[in-house]
Amino acid sequence: MDEVIKIQNDITNGNIKPIYFLMGEEPYYIDQLADFIEKNVLLEEEKDFNQTIFYGRDVTVDEIVSAAKRYPMMAERQVIIVKEAQDLSKTIDNIESYVENPMDSTVLVFCYKYKTLDKRKKVTKLIEKKGVVLESKKLRDYQVGDWIKKLVATKKLAIEPKATAMLVEFLGTDLDRINNEIEKLQIILPEGTSISPLHIEQNIGFSKDFNVFELRNAIGERNQLKAYQIVEYFANNQKEHPNVMTFSLVFGFFIQLLQYHGLKDKNPKNAAAVLKINPYFMKDYDLALRNYPMKKVSQIISALRDVDLKSKGVGASGLSHSDLLREMLYKIFN
């Protein structure tokens, strides 16, 4: 995010490069920066004649280069944006001759999603020298929470840790979808509001009481009644709560507990960093640590592997979704 903001600030301040090659596994930043260039480099009245959008599947590299060599009409610059440029991956190296001597009056943007250029190649080094190469990397699950905090801050909002956990649980690492949902909240919430689990439930549709986050807490507390209530809700709402996701997250929780047991330095700050969780939730892990000795955690992990295999049809005789979830809890609590 910081690199994208720097590029945007440079463009705003008039430090505009002739080539922007936006690549990588995370499409969110590629789209964000391409949209920014599309909206901000040219004045509105200049765009009709000087802004061109190509799509990789419909154009050749030679056609892009030919367009890039044209002069703008009644404007200082022209902007050419090549969306879905990864469709040109077999011939993308052909831009090398243009990159060696790009037009100062052309801003050429490539949106090269889900792939990257080989950084050892001459063409990549040339682009880095003449313009900007941005590699947009996919965030890991444990990084998304901090990303959400930064995102809501740019929208003049705040967010409670539990609300962050709910968004990560239901939306994973889909940054574009997370941004869209937060933008919905931005429309209805006053500036300075701290987004709460209730805001998430009322406006996005995720239950604040029946979700994997709450199931994890109920298991950690050994609150069997609450845990069984939640899995029954999951069994009746399989589309929103597939068993494979539930098993994965519960299994991951006990793997974290096993790591926590093995830590010599259980200082909350250090433990949170090792477990890759928000320090706010360490109190929940401390309680779970007391409720589940290391030997029991190891037994549970082994049992959860068996339940997961049954969910995939190995050694199971037609167990229902509900039966599998109940068996998971039985193995944990007994």
Side-chain angles (χ1 to χ4, degrees), residues 1-13 20 22-41 81 83 109 111-114 116 132-208 211-214 216 240 245 249 252 269 272-273 275-282 284:
M1 181 182 285
D2 292 341
E3 189 176 357
V4 173
I5 292 171
K6 180 184 182 304
I7 295 169
Q8 290 175 336
N9 288 339
D10 284 345
I11 291 170
T12 300
N13 294 328
Y20 292 86
L22 317 176
M23 63 184 189
E25 289 296 321
E26 178 50 67
Y28 174 79
Y29 287 119
I30 295 173
D31 288 337
Q32 186 184 48
L33 194 48
D35 289 346
F36 182 86
I37 291 171
E38 185 176 343
K39 292 174 182 175
N40 293 281
V41 170
I81 300 175
K83 297 187 176 182
V109 182
C111 301
Y112 199 78
K113 296 179 180 178
Y114 314 114
T116 59
V132 170
V133 175
L134 172 75
E135 183 175 354
S136 183
K137 296 181 180 180
K138 200 81 174 173
L139 294 185
R140 297 184 181 276
D141 290 347
Y142 67 87
Q143 296 174 311
V144 178
D146 286 339
W147 181 86
I148 290 173
K149 285 173 62 178
K150 291 179 181 178
L151 178 66
V152 298
T154 66
K155 300 180 186 299
K156 299 182 180 178
L157 296 169
I159 188 165
E160 295 178 16
K162 183 177 174 181
T164 300
M166 288 172 67
L167 287 174
V168 174
E169 176 195 335
F170 286 99
L171 302 178
T173 60
D174 189 337
L175 303 189
D176 190 54
R177 192 175 170 201
I178 292 171
N179 179 64
N180 289 341
E181 297 297 348
I182 291 174
E183 283 184 345
K184 293 177 188 176
L185 294 173
Q186 184 184 19
I187 292 170
I188 60 174
L189 299 177
E191 280 188 13
T193 300
S194 184
I195 299 169
S196 69
L198 186 60
H199 290 136
I200 301 291
E201 181 176 48
Q202 290 177 338
N203 299 287
I204 300 178
F206 307 145
S207 171
K208 66 181 177 62
N211 55 66
V212 173
F213 174 78
E214 290 299 328
R216 188 204 71 186
E240 293 81 12
M245 184 65 72
L249 291 171
K269 186 175 180 181
L275 300 180
K276 298 182 173 64
I277 62 172
N278 188 315
Y280 175 87
F281 297 113
M282 281 310 304
D284 301 327

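Counting from 1, the numbers follow the sequence of the chain as shown. All of these numbers come straight from a predicted model, not from anything done at the bench.
- The line from CG of Asp284 to CE of Met282 is 9.0 Å long, rounded to the nearest 0.5 Å.
- Looking at Asp31 and Cys111, their side chains never come closer than 4.5 Å, going by heavy atoms from C-beta outward.
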What do the steps show when you test Phe281 against Arg216 for side chain to side chain contact (heavy atoms under 4.5 Å, CB included), and what is the final call? CA-CA 11 Å; Phe281 297 113; Arg216 188 204 71 186; 4.1 Å; yes
Check the pair Tyr20, Tyr112 against ring-ring contact (aromatic ring centres under 6.0 Å, His included), reporting the backbone distance first and the verdict last. CA-CA 10 Å; Tyr20 292 86; Tyr112 199 78; over 10 Å; no
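- Taking 4.5 Å as the limit, every side-chain heavy atom of Ile11 sits out of range of all side-chain heavy atoms of Gln8.
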For residues 140-154, please give each side-chain donor-acceptor pair under 3.5 Å, one per line with the distance, not counting sequence neighbours.
{"from": "Gln143", "atom 1": "OE1", "to": "Arg140", "atom 2": "N", "distance (Å)": "2.8"}
{"from": "Trp147", "atom 1": "NE1", "to": "Tyr29", "atom 2": "OH", "distance (Å)": "2.5"}
{"from": "Thr154", "atom 1": "OG1", "to": "Leu151", "atom 2": "O", "distance (Å)": "2.5"}

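- In this structure, CD1 in Ile7 is found 11.0 Å from CG in Asp2, a value given to the nearest 0.5 Å.
- Counting heavy-atom neighbours within 6.0 Å of Phe36 CZ, excluding the residue itself, gives a total above 12.
- Taking every heavy atom of both residues into account, Ala34 and Leu22 meet most closely at N-CD1, 4.0 Å.
- Of the inter-residue distances, the one linking Leu157 atom CG with Leu189 atom CG reads 6.0 Å to the nearest 0.5 angstrom.
- Taking the side chain as every heavy atom from C-beta outward, Glu135 and Glu26 never approach each other to under 4.5 Å.
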Using a 3.5 Å cut-off and no angle test, enumerate the donor-acceptor pairs between side-chain atoms of residues 195-202 and protein atoms at least two apart in sequence or in another chain.
{"from": "Ser196", "atom 1": "OG", "to": "Leu198", "atom 2": "N", "distance (Å)": "3.3"}
{"from": "Ser196", "atom 1": "OG", "to": "His199", "atom 2": "N", "distance (Å)": "3.2"}
{"from": "Ser196", "atom 1": "OG", "to": "His199", "atom 2": "ND1", "distance (Å)": "3.1"}
{"from": "His199", "atom 1": "ND1", "to": "Ser196", "atom 2": "N", "distance (Å)": "2.9"}
{"from": "Glu201", "atom 1": "OE2", "to": "Lys208", "atom 2": "N", "distance (Å)": "3.4"}

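- A distance of 10.5 Å separates CD1 in Ile204 from CZ in Phe170, rounded to the nearest 0.5 Å.
- Listed by first and then second residue, the side-chain hydrogen bond (donor to acceptor under 3.5 Å, both in side chains) pairs involving residues 182-191 are Asn179-Glu183, Glu181-Lys184 (not counting sequence neighbours).
- How far CD1 of Ile37 is from CD of Gln32: 11.0 Å, rounded to the nearest 0.5 Å.
- The main-chain N or O of Gly24 is never found under 3.5 Å from a side-chain atom of Thr116 such that the two would form a donor-acceptor pair.
- Considering only heavy atoms from C-beta on, Met23 stays 4.5 Å or farther from Leu134 through its side chain.
- Taken to the nearest 0.5 Å, the CG atom of Leu171 stands 10.0 Å off from the CG atom of Asn180.
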